[in-house]
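The structure presented is a predicted model; accordingly, all values stated were derived computationally and were not measured. Atoms within a ligand are numbered from 1 in the order they appear, just like the ligands themselves.
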Amino acid sequence: MSELAGKTIVLGVSGGVAAYKAAELVRLLIKAGARVHVVMTENGVRFVTPTTFQALSGNSVWTEAWDDRRANNMSHIELTRAADALLIAPATANILAKLANGLADDLLSTLVLARDCPLLVAPAMNKQMWGNPATQRNVERLRADGVAVIGPAAGEQACGEVGEGRMSEPVEIFEALAAFLQPKPLAGRRVLMTAGPTYEPIDPVRGITNISSGKMGYALARAFVQAGARVQLVSGPVSLPTPYGVERIDVQTAAQMHQAVMQHVGEADVFVGVAAVADYRPVDVAADKIKKAGELPAIRLERNPDILADVASLPAAPFCVGFAAESRDLDSYARGKLEAKRLQLVVGNLVQDGMGGDTNQVVLYDAWGSHPLPRASKREVAVGIVGHLVQLLATGG
Ligand code: C5P
């Protein structure tokens, strides 16, 4: 189930060409089980018709401050009364300027002043408008007032220019909103993670690797961000998008992963090794492709460092979490890792239960015993793991 199920969102659409992307955002919100009420400014209506938003949200759209659908004509107050958040996407330079100064000259700006729910804005404008000191001042003022600012992104703009100011993609705004509405038990904590496989080259086109989609690690990084942590993710080669709010450091080999982790671990409160690190690497990497003809090549291997064990044995080690993916005897192997690597928590699963798929069934092992989590999507399992970790941190690990 999505984090936004059952939430009520008021979506403000102001007059920017990115208004067309707001339609996709409504679709994502509805699909996630949220209730959506759309409020459009006069200029917003010039870009996309209210009919589109009405059809997608299943609710009639609000455009006028004077609307007798509310008997008392108080739509500016009532619309956000039951809302969990007011999100303005796209938010033009003009609406940001109005909000920063407390102006209320139409329904949307009046709603903002009269709201008692959080406000999020996704700015969308030409790069010069975004870079203008007046806009930057207004955005700073809004941030200081507690408004969450999503994006903007950099890239190609509708005006043909390239730069910062483009509205974030609907899926990113969705993820930012979902994260925003979650409790933040890990606010102020820093989490360093590894995920994905490592790849150990033999020659320029061949290598040794482990099977790992990276899905569990990426779901966990997302859950940590939602819980308020600052997340650095050292990732082996995977084909997954970076979760919203995660700082990703791409590496290929175990040695690179080890180096990146050691470089950042000093700042971490929690370290989670999810990566399927290759245990061995070729001693010599051929500079040229090894030819099929000729003598059968012998590949000499040497051991890779154990990243998690090295982190856990640091003098000021963070809270350490390991993963144990086993094909049998999960209990004894997972407990063995907890003790041998001196970890605070091990997440165990049978490989046949989790590998590559979108669901997983895990058991959590800590100093107090074992705690099975129900089979669920990797996203839900990740939330369960983070919830358990929050409890352990609260009790001093
Ligand atoms: O490979 P093994 O079963 O020992 O992995 C257990 C845990 O140790 C996993 O969390 C994995 O990410 C971590 N690990 C590591 N470096 C290695 C091997 C494993 O960080 N070289």
Side-chain angles (χ1 to χ4, degrees), residues 191-201 207-221 223-224 231-238 240 248-265 268 270-283 301-314 317-356 360 362-366 370 373 378 381-382 385-386 388-389 392:
V191 175
L192 179 64
M193 297 181 55
T194 64
T198 67
Y199 178 86
E200 315 295 332
I208 299 171
T209 189
N210 279 351
I211 298 175
S212 169
S213 65
K215 285 180 186 170
M216 194 61 240
Y218 276 56
L220 202 54
F224 275 123
V231 181
Q232 290 182 309
L233 174 64
V234 182
S235 177
V238 296
L240 294 172
R248 172 167 161 181
I249 302 158
D250 282 314
V251 296
Q252 198 182 40
T253 65
Q256 291 165 353
M257 188 173 269
H258 187 266
Q259 195 195 5
V261 164
M262 289 305 161
Q263 197 182 328
H264 292 98
V265 72
V270 176
F271 176 72
V272 192
V274 197
V277 184
D279 291 314
Y280 310 102
R281 64 176 173 234
V283 175
L301 299 174
E302 62 187 348
R303 206 173 283 282
N304 268 325
D306 189 316
I307 302 167
L308 181 56
D310 282 0
V311 169
S313 60
L314 288 171
F319 183 100
C320 283
V321 184
F323 272 65
E326 305 294 343
S327 52
R328 63 188 175 86
D329 297 335
L330 181 59
D331 269 11
S332 61
Y333 283 126
R335 291 232 143 266
K337 268 171 215 184
L338 190 72
E339 279 149 35
K341 298 200 192 193
R342 287 190 284 159
L343 310 175
Q344 281 72 49
L345 179 65
V346 166
V347 181
N349 73 291
L350 289 167
V351 284
Q352 49 272 39
D353 277 337
M355 202 89 111
N360 203 357
V362 305
V363 183
L364 308 181
Y365 299 86
D366 59 24
S370 59
L373 296 185
K378 287 185 175 171
V381 169
I385 296 169
V386 170
H388 192 82
L389 188 139
L392 288 179

For the 3.5 Å polar cut-off, considering only N or O atoms, please tell me whether [X] and ligand 1 meet it.
| X | answer |
| --- | --- |
| Ala276 | no |
| Glu326 | no |
| Pro305 | yes |
| Lys341 | yes |
| Ile307 | yes |

Supply the atom-to-atom distance [X] [atom1] to [Y] [atom2], rounded to the nearest 0.5 angstrom.
| X | Y | atom1 | atom2 | answer |
| --- | --- | --- | --- | --- |
| Tyr199 | Asn210 | OH | CG | 13.0 Å |
| Gln252 | Thr209 | CD | OG1 | 9.0 Å |
| Tyr333 | Leu350 | OH | CG | 12.0 Å |
| Leu392 | Asp366 | CG | CG | 5.0 Å |
| Leu314 | Asp310 | CG | CG | 7.5 Å |

For ligand 1, which atoms sit closer than 4.0 Å to a heavy atom of [X]?
| X | answer |
| --- | --- |
| Ala275 | 11 (C), 12 (O) |
| Gly273 | 9 (C), 10 (O), 11 (C), 12 (O) |
| Gly322 | 10 (O) |

Write out the residue and atom name of the closest protein heavy atom to [atom], then the distance separating them to 0.1 Å.
| atom | result |
| --- | --- |
| atom 9 (C) of ligand 1 | Phe323 O, 3.1 Å |
| atom 3 (O) of ligand 1 | Lys337 NZ, 2.3 Å |
| atom 18 (C) of ligand 1 | Val277 CB, 3.9 Å |
| atom 20 (O) of ligand 1 | Leu308 N, 2.9 Å |

State, to 0.1 Å, how close [X] and [Y] come at their nearest heavy-atom pair, and which atoms those are.
| X | Y | result |
| --- | --- | --- |
| Gly236 | Met257 | N-CE, 3.7 Å |
| Ser313 | Arg342 | CB-NH2, 3.6 Å |
| Ala221 | Leu233 | CB-CD2, 4.3 Å |

Which is closest to atom 15 (C) of ligand 1 by heavy-atom distance: Asp306, Asp279, Val274?
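The nearest heavy atom belongs to Asp306.
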
Does atom CD of Gln259 have more than 12 heavy-atom neighbours, drawn from other residues, nucleotides or ligands, at distances under 6.0 Å?
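Open.
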
